[in-house]
Amino acid sequence: MYATPTSSEEGGHPVTVVSLTKMKQAGEKIACLTAYDASFATVVDRCGVDLVLVGDSLGMVIQGHSTTIPVSVDDMIYHTKAVARAVRRGFLVADMPFMSYPDGPRALENAARLMQEGGASMVKLEGGVGQLEVVDYLARRSIPVCAHLGLQPQAVHKIGGYKVQGRDPEAAVTMRKNAMALEEAGADIVLLECVPKELAASIASSAAVPVIGIGAGPDVDGQILVLYDVLNIGVGHRARFVRNFMEDAASIDEAILAYVGAVKDGSYPAPEHCYT
C-alpha cells in the first residue's frame, strides 16, 4: 500500500534559499539526498531531508549508463516532475545535464523548462570560471543556481576518471578562487564533490552561501548522497564517502532518518569517509 505525500503543514514550512542560508548562519547542518521518482521522494521528504536533488546520476542508477553524459533535458524534466509531485517541504533542485548550458541563452531556456515543466526551485550546473557568465546570466534573470565544483561527473572523460580534486596546492588555490567567483556571479549554493576535507572547510568558512559536500569532509554546511547508496542498493564501485545506512535499519524510513540524524549531529561523515 502506497503512502500519500504529507502536507507542508504536517512536515513543517517548505525549505527555501533563504532558510538554507539561515541554517548555515545558525550552524545547523543541511541534510540533502537525491530522489528520482514520486515514491522515494515521498519517503525522503517525510523523513526531514532539507534539500532534494534530482541528479543526472539517474543516468547511472536508473538508466544503467556508465556515466551521466547520455542524460537529456527531457529525461531530467520527466524525473523532476515526478519528484515535484511528492515533495512538500524539501527544497527541490534539478541538475542541468551535459551540454544543456553552453551559453547564457541556452542555459536560460533549459533552466526555465526544468522549473516551469519540471517544478524545480533551483538548477545545478558543473564548472568553475568557465561558467561564470552562465551563472551571472541566470542569476540576473532570477534563476537560483547551485554551482558544482571538485569532481565533475560530466567532465569524466576530460579528467580521466572519477578522481579526488584539489589535492595539489595550485589546484586548491584555483578551486577557492572559483568558489568565490561563482558566489560573486550569483550562485546561491556551492556543491563540492571529492575534495580534501581541509580545502572544503576553508571554502565553506569563507563563503556566505551554503556549501554542500559529497566526499568533502565534515566541515561544510551540509551533506548530500545518492539515495541508492544510502540504502545499499547501488551498483558498481562504492566510493569512500558512501555509508550504508540500511545496515542497522529495519526499514527504508529508518535508514533515511538515521542519515538525516547523522548529518545533523555531525557523526557523518566520519574520518573514514573523508579525503586528505
Side-chain angles (χ1 to χ4, degrees), residues 8 11-35 44-53 55 87-93 121-122 124 139 144-150 166 172 175-227 229-230 240-243 245 254-276:
S8 58
H13 295 294
V15 179
T16 65
V17 171
V18 173
S19 55
L20 290 171
T21 301
K22 287 181 178 178
M23 290 172 70
K24 174 187 174 76
Q25 294 168 346
E28 179 184 351
K29 296 293 186 181
I30 301 166
C32 316
L33 274 177
T34 64
V44 163
D45 200 48
R46 75 180 174 221
C47 289
V49 170
D50 302 307
L51 184 153
V52 180
L53 171 67
V87 172
R88 296 293 178 269
R89 176 185 172 273
F91 188 69
L92 182 57
V93 182
S121 298
M122 173 181 280
K124 181 171 76 65
V145 177
C146 173
H148 183 151
L149 292 173
M175 197 179 300
R176 287 190 195 96
K177 289 180 177 178
N178 285 348
M180 292 177 61
L182 287 162
E183 180 180 343
E184 290 174 4
D188 301 283
I189 295 175
V190 173
L191 187 146
L192 301 176
E193 180 170 358
C194 290
V195 172
K197 61 181 182 179
E198 295 84 1
L199 173 57
S202 70
I203 292 172
S205 66
S206 61
V209 299
V211 176
I212 307 299
I214 176 168
D219 299 317
V220 290
D221 303 307
Q223 303 292 331
I224 188 164
L225 284 176
V226 170
L227 174 64
D229 288 336
V230 167
R240 175 174 182 166
F241 55 77
V242 170
R243 175 178 161 187
F245 282 88
E254 200 172 292
I256 296 173
L257 286 167
Y259 166 74
V260 172
V263 171
K264 295 289 187 181
D265 68 20
S267 59
Y268 174 81
E272 63 267 26
H273 303 119
C274 302
Y275 301 105
T276 56

Visitor: Which class fits the ring pair Y268 and H273: parallel under 30°, tilted 30 to 60°, perpendicular over 60°?
Guide: tilted

Visitor: Let me confirm one number: the CD1-CG distance from I30 to L51, rounded to the nearest 0.5 Å.
Guide: 8.0 Å

Visitor: Looking at R88 and D45, is there a salt bridge between them, counting it only when a charged N and a carboxylate O are closer than 4.0 Å?
Guide: no

Visitor: If you measure from the Lys or Arg side-chain nitrogens to the Asp or Glu carboxylate oxygens, is any gap between D229 and R243 under 4.0 Å?
Guide: no

Visitor: Can you see which heavy atom on V17 is nearest to which on F91, and at what distance?
Guide: CG2-CZ, 3.5 Å

Visitor: If only side-chain N and O atoms count, and only distance matters, is there a donor-acceptor pair under 3.5 Å linking S205 with S202?
Guide: no

Visitor: Mind checking whether L182 and L149 have side chains closer than 4.5 Å, heavy atoms only?
Guide: yes

Visitor: As an exercise, state the distance from CD of Q25 to CG of D221, rounded to the nearest 0.5 Å.
Guide: 10.0 Å

Visitor: When rounded to the nearest 0.5 angstrom, what distance separates CG in L20 from CD1 in I212?
Guide: 7.0 Å

Visitor: Are the side chain of D188 and the backbone N or O of V145 linked by a donor-acceptor pair below 3.5 Å?
Guide: yes

Visitor: State, yes or no, whether a side-chain contact exists between L199 and L192 at a heavy-atom distance under 4.5 Å.
Guide: no

Visitor: Could you grab the distance from atom CZ of R89 to atom CZ of R46, nearest 0.5 Å is fine?
Guide: 14.5 Å

Visitor: Which residue, L191, L225, I224, forms the side-chain contact (heavy atoms from CB on, under 4.5 Å) with C32?
Guide: I224

Visitor: Give the minimum heavy-atom separation between A179 and I203, together with the two atoms involved.
Guide: CB-CG2, 3.7 Å

Visitor: Of the non-hydrogen atoms in V52 and V49, which two are nearest, and what is the gap between them?
Guide: CG2-CG1, 4.2 Å

Visitor: Judged by atom type as modelled, is there a donor-acceptor pair below 3.5 Å linking the side chain of K264 to the main-chain atoms of K29?
Guide: yes

Visitor: Measure across C194 and F241 and return the closest heavy-atom pair with its distance rounded to 0.1 Å.
Guide: SG-CE2, 3.6 Å

Visitor: Quick check: closest heavy atoms across D219 and A204, and the distance to 0.1 Å?
Guide: O-CB, 3.6 Å

Visitor: I need the minimum non-hydrogen distance between S121 and P144, along with the two atoms involved.
Guide: O-CG, 3.2 Å

Visitor: Without swapping roles, check the side chain of Q223 against the backbone of G217 for a donor-acceptor pair under 3.5 Å.
Guide: yes

Visitor: Check whether any side-chain N or O of T34 sits under 3.5 Å from a backbone N or O of L227 as a donor-acceptor pair, and report yes or no.
Guide: yes

Visitor: Check whether K124 reaches the backbone of L53 with its side chain - one donor and one acceptor, N or O, closer than 3.5 Å.
Guide: no

Visitor: Around atom CE of M180, are there more than 12 heavy atoms from other residues, nucleotides or ligands closer than 6.0 Å?
Guide: no

